[in-house]
Asker: 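Here it is: the structure, laid out below.
Counting from 1, the numbers follow the sequence of the chain as shown. Here the structure is a predicted model, which means the values were calculated and not measured.
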Amino acid sequence: MDAIIGYIGKCIDDVVPRITVQTFPNQKPWVNGEVCTKLKARTDAYNSGDLEEYRKSRYALRRAISSAKRQYRDKVEYHYKGSNTRSMWAGLKTLTDYKKKISSAESVVPTCFKETIIVPKKTKILSLNDDRPVALTSTIMKCFERSTEDAIALTLHTALSHLDQRDTYVRCCLLTTVQHSTPSCPPSSSPSSETSGSTAPCVDWILNFLTGRPQAVRMGSTTSSTLTLNTGAPQGCVLSPLLYSLFTHDCVATHSSNTIIKFADDTTVIGLITGDDETAYREEVRALTSWCPGQQPPSQRQQN
């Protein structure tokens with residue numbers, strides 16, 4: 001076996017060329033060949049004692065460094081603007097230093113992950129629905145997306161299971177929560193580790209993900225200026241149902257014949273009625289009506 005491994009190693013040495021690359025512990029990732037060439041030229045000019053040549057070489061080096069940093073930034077951000085998942089994860093490891101887990105340790109999400117472009121649903125508008133806004137997000141943010149299929153399936157299963165019995169019917173009350181200019185997860189109301197079962201770094205990471213999100217609107221070839229958002233959540237974000245459930249954790253059904261289903265900013269009260277007795281359902285709706293005003297921010301309660 002050792003003879004076979006040795007022969008394979010000899011064949012590799014004979015065929016594969018070897019190149020020695022010198023690196024330094026503090027070498028920046030944006031350093032390229034042009035920067036190294038300009039750096040050597042500046043060193044040579046300094047050693048020669050020619051002040052004019054040294055001044056020109058310093059200026060050329062600064063321009064080369066600026067260009068290299070810009071190219072490296074564009075290269076990294078490009079990973080998250082396409083649909084190549086392999087390229088996206090390669091860029092993710094470069095930014096976050098996967099082995100050291102810098103992003104999770106510092107609870108910081110790169111801004112390019114949170115960038116959103118709002119566009120019409122269709123480029124050719126034939127009806128009002130075609131003009132509905134759709135959010136274009138980076139590839140990494142799409143990993144946090146989730147549809148409403150789970151909530152719909154649970155609602156239908158609850159209703160249909162009850163309707164299989166005799167002398168029954170179902171009533172539903174649909175509510176939508178509307179909040180203006182309130183943070184999606186401010187520090188004062190962010191889910192604590194006791195409520196959510198999460199550690200403090202995880203909560204801080206979620207808060208950083210939801211705040212400081214650049215957003216712009218694009219119509220055809222025209223793009224608006226970027227606006228930084230600290231309210232709401234990205235369209236289709238899987239965190240929206242979770243955070244809404246934590247925010248409304250004390251909104252629960254008080255009767256066993258009722259079910260409250262919450263998803264994103266929508267709440268559905270399902271009353272399972274038997275024998276035309278709607279007392280429990282109507283009491284549930286009245287209790288929910290009394291509960292809602294207490295969930296408004298103090299500024300909105302004063303306005304109301």
Side-chain angles (χ1 to χ4, degrees), residues 9 11-117 136-144 201-202 204-216 218 223 225-229 234:
C11 293
I12 294 175
D13 293 337
D14 294 340
V15 176
V16 179
R18 293 182 178 272
I19 300 177
T20 301
V21 179
Q22 185 178 9
T23 59
F24 303 93
N26 61 343
Q27 182 169 321
K28 304 299 181 183
W30 44 263
V31 175
N32 54 23
E34 183 181 0
V35 173
C36 293
T37 301
K38 300 297 182 183
L39 184 61
K40 185 177 183 301
R42 186 198 64 173
T43 303
D44 294 341
Y46 177 80
N47 294 333
S48 66
D50 189 342
L51 296 180
E52 184 63 24
E53 185 64 25
Y54 177 67
R55 189 180 299 108
K56 292 181 179 179
S57 62
R58 286 183 58 189
Y59 177 72
L61 177 61
R62 286 197 299 268
R63 293 193 59 182
I65 291 176
S66 299
S67 176
K69 287 183 177 180
R70 183 171 58 254
Q71 292 176 7
Y72 180 75
R73 181 198 63 194
D74 295 341
K75 177 183 176 181
V76 172
E77 291 184 354
Y78 175 76
H79 292 305
Y80 312 103
K81 295 182 180 179
S83 57
N84 189 331
T85 307
R86 183 176 182 179
S87 175
M88 180 270 294
W89 282 115
L92 180 62
K93 291 181 179 179
T94 302
L95 273 181
T96 60
D97 192 357
Y98 175 74
K99 294 181 179 180
K100 296 181 180 179
K101 301 181 180 180
I102 293 178
S103 177
S104 59
E106 297 183 356
S107 302
V108 175
V109 181
T111 304
C112 59
F113 289 178
K114 303 184 285 186
E115 185 177 6
T116 303
I117 301 295
L136 301 181
T137 58
S138 62
T139 305
I140 186 65
M141 188 177 290
K142 296 184 186 299
C143 298
F144 293 98
C202 178
D204 294 338
W205 192 93
I206 293 175
L207 177 61
N208 186 270
F209 172 75
L210 294 174
T211 56
R213 294 180 287 111
Q215 180 173 292
R218 186 171 65 202
T223 304
S225 57
T226 302
L227 178 67
T228 301
L229 299 181

Asker: Quick one: list whatever passes side-chain contact (heavy atoms from CB on, under 4.5 Å) with Thr226, sequence neighbours left out.
Answerer: Pro214, Ala216
Asker: Would you check if the side chain of Asn47 reaches a backbone N or O of Thr43 as a donor-acceptor pair within less than 3.5 Å?
Answerer: yes
Asker: Any salt bridge between Lys56 and Glu53, counting N to O under 4.0 Å?
Answerer: no
Asker: Just how far is it from atom CG of Asp50 to atom CZ of Arg55, taken to the nearest 0.5 Å?
Answerer: 9.5 Å
Asker: The criterion is ring pair (Phe, Tyr, Trp, His ring centres under 6.0 Å); which residues satisfy it with Tyr59, sequence neighbours excluded?
Answerer: none
Asker: What are the two closest non-hydrogen atoms of Asn32 and Ala68, and how far apart are they?
Answerer: ND2-CB, 3.6 Å
Asker: With sequence neighbours left out, what residues match Arg70 under side-chain hydrogen bond (donor to acceptor under 3.5 Å, both in side chains)?
Answerer: none
Asker: Please check this pair: side chain of Ser66 against backbone of Arg63, looking for a donor-acceptor N/O pair closer than 3.5 Å.
Answerer: no
Asker: Among residues at least two apart in sequence or on other chains, which ones pass side-chain hydrogen bond (donor to acceptor under 3.5 Å, both in side chains) with Gln71?
Answerer: Ser67
Asker: Would you please name every residue forming a side-chain contact (heavy atoms from CB on, under 4.5 Å) with Leu229, sequence neighbours left out?
Answerer: Arg213, Gln215, Leu227
Asker: Find out whether Tyr72 and Val31 are in side-chain contact, i.e. whether some heavy atom of one side chain is under 4.5 Å from a heavy atom of the other.
Answerer: no
Asker: For residues Ala64 and Val35, report the shortest heavy-atom separation together with the two atoms involved.
Answerer: O-CG2, 3.8 Å
Asker: According to the salt bridge (charged side-chain N to carboxylate O under 4.0 Å, His left out) rule, which pairs have a member within residues 35-45, sequence neighbours left out?
Answerer: Lys40-Asp44
